[in-house]
Number of protein chains: 2
Amino acid sequence: MRSSQTRTAVLGALSIEPMTGYAVREAIRGTLGHFWSESFGQIYPTLAELERDGLVERQGGARTGSSAFALTAAGRTELRALLAEPPQPGAPRNGVLLRLFFGRMLGPDACAELVRDARDRAEQQLTALAAARADHDHVEHVEDSPYWLLTIAAGEHAARATLAWADEALTTLGALTAGEAGPAPSDD
Amino acid sequence: MRSSQTRTAVLGALSIEPMTGYAVREAIRGTLGHFWSESFGQIYPTLAELERDGLVERQGGARTGSSAFALTAAGRTELRALLAEPPQPGAPRNGVLLRLFFGRMLGPDACAELVRDARDRAEQQLTALAAARADHDHVEHVEDSPYWLLTIAAGEHAARATLAWADEALTTLGALTAGEAGPAPSDD
DNA sequence: CAGCTCATGTAAAACGTTACATGATTAC
DNA sequence: GTAATCATGTAACGTTTTACATGAGCTG
């Protein structure tokens, strides 16, 4: 069985409305993309599994391309059960901080570059989230709305934290560069 | 070849000082643990590879247990090169937000529980980071110090952002619960 | 001498990404 | 009609985790 988290994501997408596999992929890349991802090659096998287990079923002819999947009653129950399971926090892996930690080997300037890039990404993230908020206004799923806003807010808080940290870090790194180029380094 | 990021982490750890494989593992779990992780079974094979490639070498007898690994000149060069490579941002996977997004299926109370747990973890994180800061004061590696503080600050910003978001979210969810229990739910 | 921590590794299984392969439908 | 997009899947590959297996050295 695929990881239960992948099943959760796919079942969850289908809980919004019946979709083709392709649409599930787009939903995960688009709407869930701010906090979740599934690779292409996971989604179809997972759907096949879910169908075998009677958690989803095809609507419309399976013959000609597009056949949307819909949750069955069992699927709805399973989704609730999966959502109730404690989230398994993924192991942290932050490439920027890994590099920064060994920043002595890179020098302050290269580190500053790294931080500026991270800052840019956070700003783009904020723009994307603002767009998601706007999209959200004319959404028909009123019951989902408050929960979706919660996830958007989480992204915004995280992005703003990155911005604040980056600005602080750039100041620190600037001082290091100046210190290096300026007065003679008196001690080691 | 193992992923270059694993190599980076292992070479990086050895750049601080020569260590046994076991100590590398402890260093990655401990000091780097706030932003990086490597599983147990990665470290020894990676060390073996690095030794084969002449990037690290054993110090002390390989016979009786403890043999520390040290970076060679080539290893130092390779580490610099790896650090200069652009960080490959990992795909986001936030189990809490995944569950919250489908919160309608869970109900406001279970969601609030989820958020409180996330808040608790953030608070524990802040405590751990404060301890790391304290540890840090009596560190002998003065050159590394400013970079290490940068990574600690990043963790603190992120954790505080989580706290702020969680408090906001709990208010929202509280209103949802109240709304549900209060006036009759008029539509579906 | 029993149990803990230090220490080193291997093997199997699970997980996930990427590339490949194919065809239908729709828009220009 | 031809290019883009929608749609469905498979296979190979690489990565990561987990469990297993072993033994030295120190502590109570």
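All of these numbers come straight from a predicted model, not from anything done at the bench. Here is how names work: the chains are called A, B, and so on, in the same order as the sequence lines, proteins then strands, and each is numbered from 1.
- Computed from coordinates, the B/Glu26 CD to C/dA7 P distance equals 9 Å when rounded to whole Å.
- A salt bridge does not link B/Glu123 to B/Arg160: none of the charged side-chain nitrogens sits closer than 4.0 Å to a carboxylate oxygen.
- A donor atom on one side chain and an acceptor atom on the other are not found under 3.5 Å apart for A/Thr72 and A/Glu57.
- Nucleotide C/dC15 holds its C1' atom 15 Å from the CD1 atom of A/Ile43, rounded to whole Å.
- Rounding to whole angstrom units, CZ of residue A/Arg25 and C1' of C/dT18 are separated by 12 Å.
- From B/Leu83, atom CG reaches atom OG of B/Ser15 across 8.0 Å, with rounding to the nearest 0.5 Å.
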Each nucleotide N or O in nucleotides 17-20 of chain D that has a protein N or O under 3.5 Å away: list the pair and distance.
unit_1 : atom_1 : unit_2  : atom_2 : d
D/dT17 : OP2    : B/Ser39 : N      : 3.1
D/dT17 : OP2    : B/Ser39 : OG     : 3.0

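- Between A/Leu11 and A/Val56 the shortest side-chain heavy-atom distance falls below 4.5 Å.
- Following rounding to the nearest Å, B/Met19 (CE) and C/dA7 (P) show an atom-to-atom distance of 12 Å.
- Within the 4.0 Å cut-off from OP1 or OP2 of D/dT8, not a single side-chain nitrogen or oxygen of A/Tyr22 is found.
- Checked by atom type and distance alone, the side chain of B/Thr151 never pairs as donor or acceptor with a backbone atom of A/Leu97 at under 3.5 Å.
- Contact between the side-chain N/O atoms of B/Thr6 and the OP1/OP2 oxygens of D/dT16 is found at a separation under 4.0 Å.
- Judged by distance alone, with hydrogens and angles left aside, the side-chain atoms of A/Asp53 form no donor-acceptor pair with the main-chain N or O of A/Leu55 at under 3.5 Å.
- Separating the CD atom of A/Glu49 from the P atom of C/dA14 is a distance of 12 Å, rounded to the nearest angstrom.
- Under the 3.5 Å distance criterion, the side-chain polar atoms of A/Arg25 are left unmatched by any main-chain donor or acceptor of A/Gly21.
- Computed from coordinates, the B/Leu47 CG to C/dT10 C1' distance equals 15 Å when rounded to whole Å.
- Put simply, CH2 on B/Trp36 is 12 Å from C1' on D/dT16, counting in whole angstrom units.
- One atom, CZ of A/Phe69, and another, P of D/dA7, lie 12 Å apart when rounded to the nearest Å.
- Considering B/Trp148, B/Trp36, B/Tyr147 as possible partners of A/Phe101, the one that fulfils the ring pair (Phe, Tyr, Trp, His ring centres under 6.0 Å) test is B/Trp148.
- End-to-end axis angle of the helix from C/dC1-D/dG28 to C/dC28-D/dG1, using five pairs per end and rounding to 10°, comes to 30°.
- Between B/Glu49 atom CD and B/Gln42 atom CD the span is 9.5 Å, to the nearest 0.5 Å.
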